[in-house]
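First the structure, in the form of structure tokens, and then the observations on it.
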Amino acid sequence: MAREFRGTINIGLKDSTEDWDAFLPDQAPDGAPNVLVILYDDTGQAAWSPYGGRIEMPTLQRIADRGLTYTQWHTTALCSPTRSTFLTGRNHHQNGFASISETALGFPGYSSRIPTDCAPMATVLRDAGWSTFWVGKNHNVPVYAWTAGSSKKEWPLAMGYDRFYGFIGGETNQWYPDLVEDNHYTEQPYLPEDGYHLSKDLADKALEFIRDSKQSEPEKPWYLWFCPGANHAPHHAPEDYIAKYKGKFDDGYEAYREWVLPRMIERGILPEGTELSALNPLPPEASIPGDAVRPWDELSDEEKALFSRMAEVYAAYSEYTDVQVGRIIDYLEESGQLDNTLVIYAADNGASGEGSPNGSVNENKIFNSYPDLMEDNLPLLDELGSPATYNHYPTGWAAAFSTPYKMFKRYTYQGGIADPLVISWPAGIRAKGEVRTQYHHCTDIVPTILDVCGVAFPETYNGVTQKPLPGVSMRYSFDAEVDTPTQKVTQYYEMLGSRGLWHDGWKAVTEHGPMSGGGMGGSFQSDTWQLFHTDVDRSEVHDLASEQPDKLEELKALWYAEAGKFDVLPLNDYNMGKPEELAEYFSRQYHVSQPKSGRFIYYPGTSEVPEHSAANTHNRSFKVFAELTTAADTEGVVFAQGARFGGQSMFVKDGRLHYSYNFLGLEEQTIDAPLPEAGEHVFGVEFQKEGMDEHFQPTGTMTLYIDDQAVASASMRTLLLQFTLCGEGLCVGYDGGDAVSAAYAGQRFDYRGGAIDKVVFDLADDHYLDVEKQLAALLSRD
């Protein structure tokens, strides 16, 4: 912070006295701790071994043995929102993160834009003398700011972090990630065939950041937020780790729930007498079909084998990543830093139920409302976890890994919000290997870190009065008795229309699945509210609403008060189970504005353009033109967007021009034609939408053009909504990440032997031949 100059200034330097303290940055107090926060994705309490689960987590167990395991720590039920609370300490709607950044809407609580009166904690720690690093997933950049040319005000370096390395968005391919370093996109350092996996790469970079800092400023403490892609889909893991779990989930997810519950009780995670909730606890009208669980004993032997393998891959993914975290812990111990490092190891929401009742070999089906069919999934059983799949386990495992609670991620029942949390700080916590049962929430993490570091959050930052932190520090619990009362009093919950409120040991929650529509009676006001005494009924099995109506009304009124205070409204009343409603909801999210001409122009030698900021060719007719030159030896990608799990690509290979539309990895639809004589040309493709198939996906005719001649055509189906949730953007002259077409798999396939001038996406309502000549003239002048 700026300080008053206390030196003296005279005419000559010899007669003047300097004051370096007025200009040097603040230093952290002597003995200030380092802070390491490890935040996994999509993990219920019943998954990991320290909580009684079957997934071995040796590093997490090591941390738990040196510290504390929390049994009643809670999140928001979804990743972006929870991560926003780790960023700022405020509730997720205050941060503008009612949902994930990819589904932001133009309302204060939904914009995915953190307001200036919710300054990030890292800015405060950096000003107070800490080095600050963020490695891994960043799900808190608004989608309009993902492009290379966007303002970087909402990227990590402007959020208080000295360094960043990772990916932007909800997920990425663990074998072929879309990577960012600091303020620019970058290529992965090596390929899967050379041993690459994102979790390993992230640990390497985290170690580099810490070592660089300690080498130059050995006394300066650091804060590292380490956010692996695990355990979010796609579930990708090395084969040797997958093999370790062979057969360990063959008894099925219902048997797993029966097996793990007594283990959780034995470890003190749950109180004696905790009951198992129903596997499908909601009436059909209160949820969506994609969240149902198929009973294990109704599955065929082939389906059981597939589902077991999906759980094995997930477990391997989790353990492999934990082992990479262990490399960071090893270094801290070897370098003498571990004892004075506050380690917080947690997950951001419950196990993910987004894999559908059948599981998925390509999660992008879910994002396009396309069903996961067993005939598509079964042939890829042996490929699960490899670069050939983009897999996600079925809803049954989400329920199992969220035992004993109802439901999973996205729901405000315990299954969506009760998560693992382990904290270790040997220099500041006397207790070792103990359990803590105090009720806490992710908004309590920032106050805890600041308390441990001895830093106060300022009332104003950069001239802006700050919203107070709604959470409480958990430091009182570090050496408290196990049954010391919690200092938390009230916490509201809301996620995609699912609502709840905890207050002083009681919880009210709506019988309303996320994005299941406007309520069982057609409106949110008609929702049925349930009441649970969570101090004695942790799994929310016994609804006391009819026995204690006054208590229920008290909590309902408190929910509405909290909703007004924290920008919770409006509630999402779209039904995700209906493709037409999902499409309408998607249309209200951010997409780049279309020019009046309908034309977007892209150039070679540039970074990929994220899908939300590129020309939107989904659910419509479109044309793409490329002005280029060819030679006798021309080959390579003209443009590519997406990946093998959904995407489109125009490329030259073996003397022919090819266009490929990869439909969710199920079918690579291609048309091709011989190349013309070398020289200047316009290569183009046009899709004329003619209808929708039985799964609500657009169908029509795709025509390939060379100059003004149609040279090939075929009937094709295209995607309703998007190629990917994030990443795998539009590239000109190469294919970044995972290849769209099997014809050039495993390479960027850069365009060579000739040159690309530009590529134009035309979304206007006209036909290729009507505009080819005027467009060619326009391009020649541009």
Side-chain angles (χ1 to χ4, degrees), residues 78-88 90 92-123 132-172 177-186 225 227 229 367 461-462 464 567 586-595 600 602-603 606-616 641 722-731 736-737:
L78 205 58
C79 39
S80 270
T82 294
R83 289 161 190 271
S84 79
T85 71
F86 275 69
L87 264 176
T88 76
R90 280 71 165 200
H92 59 301
H93 293 90
Q94 288 180 288
N95 293 325
F97 277 94
S99 181
I100 60 174
S101 55
E102 291 86 347
T103 59
L105 297 168
F107 300 95
Y110 290 72
S111 67
S112 81
R113 186 177 186 276
I114 293 175
T116 56
D117 55 5
C118 293
M121 177 192 68
T123 61
T132 52
F133 311 122
W134 185 348
V135 174
K137 176 172 174 173
N138 177 348
H139 206 180
N140 295 103
V141 175
V143 290
Y144 59 77
W146 287 7
T147 63
S150 68
S151 165
K152 301 302 182 287
K153 289 176 62 177
E154 289 152 315
W155 285 39
L157 270 59
M159 290 286 176
Y161 292 87
D162 296 325
R163 296 296 310 274
F164 173 73
Y165 182 79
F167 62 97
I168 292 176
E171 64 185 36
T172 195
D178 287 85
L179 290 172
V180 169
E181 184 158 11
D182 297 332
N183 273 351
H184 62 276
Y185 288 97
T186 189
W225 195 14
C227 305
F367 304 138
Y461 190 82
N462 281 347
V464 178
D567 293 326
F586 188 81
S587 71
R588 298 186 64 173
Q589 298 159 20
Y590 171 79
H591 299 280
V592 66
S593 298
Q594 182 171 313
F600 298 78
Y602 303 102
Y603 299 92
T606 55
S607 299
E608 67 180 55
V609 181
E611 187 169 355
H612 284 270
S613 295
N616 182 10
Q641 187 177 25
Q722 54 196 350
F723 292 125
T724 62
L725 177 66
C726 51
E728 297 288 3
L730 173 63
C731 306

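One-based numbering along the sequence shown.
- At a threshold of 4.5 Å between non-hydrogen side-chain atoms, the residues Trp225 and Phe86 count as touching.
- Here the side chains of Ile100 and Leu725 are in contact, with some heavy-atom distance below 4.5 Å.
- Ring pair Trp134/Tyr161 is tilted by interplanar angle, where 30° to 60° counts as tilted.
- In this structure, Lys152 and Leu157 have side chains that are not in contact, with every pair of non-hydrogen atoms separated by 4.5 Å or more.
- In this structure the side chain of Ser101 never reaches within 4.5 angstrom of the side chain of Val141, judged on heavy atoms.
- Looking at heavy atoms from C-beta onward, Tyr165 lies in side-chain contact with Leu179 at the 4.5 angstrom threshold.
- In this structure, Asn95 contributes its side chain and Arg90 its backbone to a donor-acceptor pair below 3.5 Å.
- The aromatic rings of Tyr590 and Tyr144 stand perpendicular to each other, their planes meeting at an angle above 60°, with 30° marking the opposite boundary.
- With Ser80 contributing its side chain and Asn140 its backbone, the two residues share no donor-acceptor pair below 3.5 Å.
- The closest side-chain heavy-atom distance from Phe367 to Thr724 is not below 4.5 Å.
- Within 6.0 Å of the CZ atom in Arg163, the count of heavy atoms belonging to other residues, nucleotides or ligands exceeds 12.
- Ring geometry for Phe107 versus Tyr110: interplanar angle over 60°, hence perpendicular rather than tilted (30 to 60°).
- A pairwise comparison of heavy atoms in Ser111 and Pro108 identifies OG-O, 3.9 Å as the closest pair.
- Contact of the Leu78 side chain with the His92 side chain is not registered, since no non-hydrogen atoms from C-beta on lie closer than 4.5 Å.
- With contacts defined as side-chain heavy-atom distances shorter than 4.5 Å, the pair Arg83/Lys137 qualifies.
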